[in-house]
Amino acid sequence: MEIIIKVENLGKKYIISHQTQDRYLALRDVIASGTKKVVKTIAGKPSLVPKKENLWALRNIDFNIEQGDRVGIIGRNGAGKSTLLKLLSRITEPSEGKIAIKGRVSSLLEVGTGFHPELTGRENVYLNGAILGMGKQEIKKKFDEIVDFAEIEKFLDTPVKRYSSGMYVRLAFAVAAHLDSEILVIDEVLAVGDAQFQKKCLGKMDSVSLKEGRTVLFVSHNMGIIRNLCNHGILLDRGEIKYKGDMEETISTYEYENQNILSIWKNNKDLDKTDFFDIENVVLLDEKGNSKREFFNSESIIIKMDVIVKEIHSKMLILLFFTKHGETAFTYPIFLASKNSLKKGKQTVFLEIQKFLLNEGTYFITIDNSLHCIQGLAKYENILNFEVRFDKMEGMPALENVPGYVFPLLNWRLEE
Amino acid sequence: MKNNPDDDFLIIEAGKSEKHYWADLWRYRELFYFLSWRDILVRYKQTVIGIAWSVIRPLLTMVVFTIVFGKLAKLPSGEAPYPVLVFTAILPWQYFANALSEASNSLISNQNMISKIYFPRIIMPTSTIIVSLTDFVISFVLMSITMAIYRFVPSWKIVFMPLFLLLATILSLGMGYLFSALNVKYRDFRYVIPFIVQVGMYISPVGFSSDVVPIRYRFWYSLNPMVGVIDGFRWSIIGKGTAIYWPGFILSIVITILIIIWGFWYFRKTEKTFADRI
């Protein structure tokens, strides 16, 4: 097969300035520091050099992709997956190295980018198509197919601000999936949308690559989807390629190396930030105390948190959010001081999610420390995720794709 | 011609602008149309206020300027009635001011698109011109009505008006490119833009005729390129009793050309970092 993407020695560097807290440069600050510098030079004092640090989001990346390949890019958060996709889709410029691409690239890094809430579904199809690089004739030709795929015929002339999130996602994906580009770059977008639609999207992507011979690059945390869809894999770790090759091999390398890491989160930046309490680390455990991240629904999931209490306050709260498909599945608050045994110093909190509660799927954990209704202390988003799979249940046939966040074990009986 | 296999490849390298810039721009030409179409659609869909605003603003400005400069300060208006004199300047000025503000804010108000999708970024500020053009057309109709009320017949030279409109377009695009790029780099730059527009209206001959300016300053007065544009509008619409002060007009043109070159150059220089900064 013919090579259509060549990447040589690619690197992307971000410069982090430690001088300012702000993410953005302000003209006001530039003028102020400029004036200060001038004054200092006149006064003969050496000016302070602002502390700057280079952060390489990606470095020494080399790979080739052949036409028709379906490449899954995996790695932990911050490994550089999204940066790589942004470089390939030309959204940002590399700091070093070279990319050679043959053919049109269309990227779907976020669902519904460029959708305007005031415009109708029909208008947005045209707008979004144009943003993604389609011409008017091309959109016209595919319009019916897109609408059909998205299943929104009835709402074509309704402004998309009135759409449900599911309809919104379906329409957005439908537009992107009907692009005629030779290379399709997709970032985690299938994490949204219901299971049935995910299946449909996967089917579409399969036909896009297998039948039409197009190339797909795909980033996901969902190993199940990646396993199904991709035949080649790239494993990124801290901005470098750790492994590339067969998808199955890549996944097992990733899982082998990350068995522990994936179920443990260590707080190494925000410690000692607040006066009340800090979370040191969070670990996912099963009932036997083994750390892991894949559970059967017949197992309890235990979230163990090491907390350092500096001052006891009645309103100290750890809020745990569990999200799935980008939406909050459920939330659990822990008021630390509601246990009388709370002391200053290091303590461990165990939270158990009982068995037969969650539906299958990947759940992400976000932790928010605060003094309830007074002050937010620190928020850690999507620090860990775990997977729930169905175990065989007595008296039930094998199930899959049951909608909903929960799949509790309920009682029922028959009466005459 | 030999067919080099490497020719088919798009090469992306650090610090190098790709060869395909203009070809890319051409390929995305329909996006220009769609973005303008979106802006117009959204503007006139949201409320009646969208349309009312484009009517009320020029009318009110005309009334205020006529009262302040014509009635209170008693400035001369030459052959034309004062409201017509003012309207001939409000037309290009509000077009310029709208186009400049819309273009300058276009990148940050579409952050999401910039950080998630590739397209030639220059399309974004350029496409905003069309909305300002629709406003211009509305103002033009209002001016025609005002002229009819005063029984004022415009000069035949009005056929040259599009040329001055083009000059105003080039100027607002040049400044729009520059400001939109600066807006991405400096988050507080957007507070500067309304100030420039505000001050600009008073130092440009909107409420009065440039003939009020003593002749020895007129050349330097034209350092403000909008002076050339507004004088041109008055010359083409009013005709009688107005004349273009050529040295000043040429200076305005030269400055407009310098601004578009500078704006485009700065935009191209910084556009690759937009996604990292925005």
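Note on naming: letters A, B, ... go to the chains in the order of the sequence lines (proteins, then strands), and numbering restarts at 1 for each one. What you see is a predicted model; the values in this text were computed from it and never measured.
- In this structure, B/Phe9 CZ and A/Ile99 CD1 are separated by 12.5 Å, a value rounded to the nearest 0.5 Å.
- For a residue to count as touching a neighbouring chain, one of its non-hydrogen atoms must lie under 4.5 Å from one of that chain's; by this rule B/Arg121 touches chain A with the side chain only.
- You'll find the side chain of B/Lys272 stays beyond 4.5 Å of the side chain of A/Thr92, heavy atoms only.
- Screening A/Ile91, A/Val185, A/Leu88, A/Ile131 against B/Tyr118 for a side-chain contact (heavy atoms from CB on, under 4.5 Å) leaves a single residue, A/Ile91.
- Expressed to the nearest 0.5 Å, how far CD1 of B/Ile12 lies from CG of A/Leu87 amounts to 8.0 Å.
- Options B/Phe189, B/Tyr191, B/Trp37 differ in how many heavy-atom pairs under 4.5 Å they form with chain A, and the most are formed by B/Trp37.
- When the shell of 6.0 Å around CZ of A/Arg104 is examined, it contains more than 12 heavy atoms from other residues, nucleotides or ligands.
- Once rounded to the nearest 0.5 Å, the distance linking CD1 of B/Ile11 with NZ of A/Lys102 reads 11.5 Å.
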Audit row: B/Asp276, A/Lys13, salt bridge (Lys or Arg N to Asp or Glu O under 4.0 Å) steps and yes/no: CA-CA 10 Å; B/Asp276 298 334; A/Lys13 173 175 76 175; over 6 Å; no
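- In this structure, the separation between CG on B/Leu41 and CG on A/Leu127 is 9.5 Å, given to the nearest 0.5 Å.
- Neither the backbone nor the side chain of A/Glu8 comes within less than 4.5 Å of any heavy atom in chain B.
- Comment: B/Asp24 engages A/Arg90 in a salt bridge, judged by a side-chain N to carboxylate O separation of less than 4.0 angstrom.
- In this structure, no portion of B/Ile123 lies under 4.5 Å from any heavy atom of chain A.
- In this structure, CE on A/Met134 lies 10.0 Å from CZ on B/Phe34, to the nearest 0.5 angstrom.
- Interface remark: A/Ile31 contributes no atoms to any contact with chain B (heavy atom separation under 4.5 Å).
- Between B/Asn112 atom CG and A/Leu109 atom CG the span is 10.5 Å, to the nearest 0.5 Å.
- When the shell of 6.0 Å around CZ of B/Arg29 is examined, it contains more than 12 heavy atoms from other residues, nucleotides or ligands.
- The minimum heavy-atom distance linking B/Lys116 with A/Ser107 is given by the pair O-OG, 4.2 Å.
- Put simply, the side chain of B/Glu30 gets close to the backbone of A/Lys136: a donor and an acceptor are under 3.5 Å apart.
- Contact detail for A/Pro94 and B/Glu13: the closest heavy-atom pair is CG-C, 4.1 Å.
- Evaluation of the side-chain contact (heavy atoms from CB on, under 4.5 Å) rule for B/Ala181 yields B/Tyr266, B/Phe267, B/Thr270, B/Phe274 as partners, not counting sequence neighbours.
- A/Thr83 does not touch chain B: none of its heavy atoms, backbone or side chain, sits under 4.5 Å away.
- Interface remark: A/Ile4 contributes backbone atoms only to the contact with chain B (heavy atom separation under 4.5 Å).
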